[in-house]
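Below you'll find the structure, written out as structure tokens, and then a few comments.
Bear in mind that the values here come from a model prediction, so they are computed numbers and not experimental data. Ligands are counted one by one from 1 in listed order, and the atoms in each one are counted from 1 as well.
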Amino acid sequence: MNFKSILKDQDLVAESGKKSTGYINVPGTPVKMPATYIEGAKPGKQILITGGIHGGEYPCIETAIQLAKRIDPQDVKGTIVVIHPVNVPAFLAKLQYYGPYDGKNLNRVFPGKATGTVSERIAYTVHQLQQAADFYIDLHGGDIHEALVPFVIYSNLGGDQVVEQSRKASAALGFPYVVGSVSNNGSMGAAANAGTPGFLAELGQCGRWSDEEVEQYITATNNVLRSLEVLEGKVNSTEVTYLKKMAVMNAMHDGCWYAFRKLEDRVKKGEVLGEIRDFFGNVLGEYKAEEDGVLLYVVTSLAITTGDPLTAIGVV
Ligand SMILES: [Zn+2]
């Protein structure tokens with residue numbers, strides 16, 4: 001399958017050297033994903049770019065919108081499909097993590113189900129394109145209640161060749177930290193399992209966005225597209241830190257979250273990174289670092305529920 005045959009029914013294809021815009025309907029749901037199909041003047045790879053799998057991550061959503069608008073098909077070798085954003089219902093509801101129809105985290109239900117809930121069906125629809133893609137770029141950022149330093153996650157699934165391509169392209173993004181993941185139910189894990197290399201990028205935070213962040217994100221993504229030879233031009237190389245893995249610390253209590261450390265702090269195993277207290281100020285639990293490393297994100301909201309991520313250590 002290629003992009004063209006998948007998107008023909010959605011009336012979203014273009015001739016060589018042209019671009020078309022429209023919506024990808026998610027069958028059996030009211031969801032329509034705004035998308036741009038860019039057919040390059042020359043043949044080449046098929047690249048899928050998604051922004052806004054999480055509706056509250058604004059810099060990546062504006063980046064996807066601007067990339068779709070700015071990329072000139074005459075400059076492209078291959079085909080690029082940009083979805084901007086994927087999770088329109090979550091975006092309009094200003095929700096963090098979850099979708100309004102089923103309360104599910106879209107990035108935990110990949111590869112989705114054709115006959116599932118709304119989030120599962122969105123994932124399934126995106127996964128059809130992931131399977132056809134030669135490379136998958138998934139743009140994220142800190143959610144409405146998350147502070148983070150720019151980093152990029154690639155999947156360690158899908159075999160050595162897929163992993164190597166993903167890792168190389170991740171570095172071309174030029175974000176300071178690059179980390180591998182073995183998550184199965186996220187977007188790029190599902191893509192990697194289907195044999196498609198890719199990465200999940202993180203930039204921006206806390207329900208805000210700025211032109212500067214968007215321009216940084218666009219510049220970084222264009223560098224990746226050059227490294228994949230879909231756009232022409234010199235590939236800039238930046239020194240990045242490869243991390244061994246990401247250790248996410250999750251809440252074991254409902255209550256109020258107090259983080260003791262900041263982004264990019266170096267932490268030692270056993271060190272207390274924060275605590276959750278009840279509404280009377282009593283400590284319900286202390287949260288200690290399980291590894292040595294650097295803090296990649298820290299949840300900024302006072303409110304916390306059991307199972308929520310609190311912080312993530314990039315293990316050096
Ligand atoms: Zn996200």
Worksheet item: Minimum heavy-atom separation for Tyr217 to His140, with atom names?
Response: OH-O, 2.7 Å

Worksheet item: Quick one: which of Glu120, Gln130, Met188 gives a side chain to side chain contact (heavy atoms under 4.5 Å, CB included) with Phe110?
Response: Gln130

Worksheet item: Are Glu264 and Lys262 within salt-bridge range, i.e. N to O under 4.0 Å?
Response: no

Worksheet item: Mind checking whether Asn223 and Ser227 have side chains closer than 4.5 Å, heavy atoms only?
Response: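 Contact flag for Asn223/Ser227 side chains = no.
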
Item to complete: Would you check if Val152 and Glu202 make a side-chain contact, meaning some heavy-atom pair closer than 4.5 Å?
Response: no

Discussion item. Using the rule ring-ring contact (aromatic ring centres under 6.0 Å, His included), only one of Phe135, Phe175, Tyr154 pairs with Phe199; which is it?
Written reply: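 Exactly one candidate clears the test, Phe135.
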
Worksheet, complete the sentence: Ignoring waters, protein N/O/S atoms under 2.8 Å from the Zn ion (ligand 1) are His54 ND1, Glu57 OE1, Glu57 OE2, His140 ND1

